[in-house]
Amino acid sequence: MSTGLIIALIVIVAVVVAVAAVLTLRARGPRHGASLKRRFGPEYERAVARHDGDAKAAERELSERVERHGSLEVRPLEPAERERYEARWTAAQERFVDAPREAVAEADRLIAELAGTRGFPAGGQYEEQVAALSVHHAHHVEGYRRVHRVHRVAQARPDGAHEGAAGTEDMREAMVEARALFEELVRPSRHDGGRRGAAGERTAAPATRRDGHRTPSLLHRRQAKES
């Protein structure tokens, strides 16, 4: 076999391999994207928006999150730990009536601490903690982002400044949205076997609406007092 023929065969094989690789990537791409959409839900759309509509860039980011944190093992809470966290959240909600800024700060700290206790990156690594939470709690992690953002805005206000109606409402909505993630983190998993109250409910858990809004009625008392 001549050298020229050997070179021609090598080129043909290389072209065939390249075409096969491209076709494979094209075939896998939509399925991979659909899988990420199912896993991340609204977090997928947020990632696409952050990348100015570039779905491929968003999918690369989300895939990297799964690679870093997908195998994270969540540590179960002891019943006493769960009760302490639930009692602290209830206290934060009650405090919102007269001190919304302090209540939001406590909610932010509480979620960071609870996530760290469950085995997620510590609260001091906020961005990495949020990334890990988005892999395992994609549908509710935005509530944590929001309460953290509102907390930082409140901190930036001058001491003694009073929150306006809009600021108070932002904080109330942030507390409500963050509660969804708190409930997921504090809820016993199938393997926890966490202790329940006499009526079968988690002890110390305050009543909330179950229509998807999870609106704590305590957060509305301030509005009632002001009206």
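The basis for the numbers below is simple: all heavy atoms, side chains too, and nothing from hydrogens, waters or symmetry mates.
Ion pairing between a basic and an acidic side chain is recognised when a charged N comes within 4.0 Å of a carboxylate O; Arg46 and Glu142 show such pairing. Ionic pairing of Glu183 and Arg179 is present here: one or more N-O contacts between side-chain nitrogen and carboxylate oxygen are shorter than 4.0 angstrom. Ion pairing between a basic and an acidic side chain is recognised when a charged N comes within 4.0 Å of a carboxylate O; Arg187 and Glu86 show no such pairing. Salt-bridge formation is detected for the pair Arg65/Glu61: a Lys NZ or Arg NE/NH1/NH2 atom is positioned less than 4.0 Å from an Asp or Glu carboxylate oxygen.
Between the side chains of Thr117 and Arg75, not a single donor N or O lies within less than 3.5 Å of an accepting N or O. Residues Glu177 and Tyr144 bring no donor and acceptor atom of their side chains to less than 3.5 Å of each other. Defined by atom type and a distance below 3.5 Å, a donor-acceptor pair is missing between the side-chain atoms of Gln155 and Arg101.
More than 12 heavy atoms of other shown residues, nucleotides or ligands fall within 6.0 angstrom of atom CZ in Arg50.
Taking both residues in full, the closest heavy atoms of Gln129 and Ala122 are given as NE2-C, 3.6 Å, listed atom of the first, atom of the second, then distance. Between His151 and Ala105 the shortest heavy-atom distance is NE2-CB, 3.4 Å. Residues His148 and Tyr126 approach most closely at CD2-CZ, 3.4 Å, considering heavy atoms. The two residues Phe120 and His136 make their nearest non-hydrogen contact at CE2-CD2, 3.8 Å.
If you take CZ on Arg118 and CD on Glu81, they are separated by 9.0 Å, rounding to the nearest 0.5 Å. Met175 CE to Glu106 CD: the interatomic distance, rounded to the nearest 0.5 Å, is 9.0 Å. Atom CG of Leu133 and atom NE2 of His140 lie 12.0 Å apart (nearest 0.5 Å).
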Can you check side chain to side chain contact (heavy atoms under 4.5 Å, CB included) on Leu114 and Leu77, steps first, answer last?
-> CA-CA 9 Å; Leu114 175 56; Leu77 292 175; 3.9 Å; yes

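Checking each of Arg68, Glu127, Glu128 against Pro121 for a side-chain contact (heavy atoms from CB on, under 4.5 Å) leaves exactly one that passes, namely Glu128.
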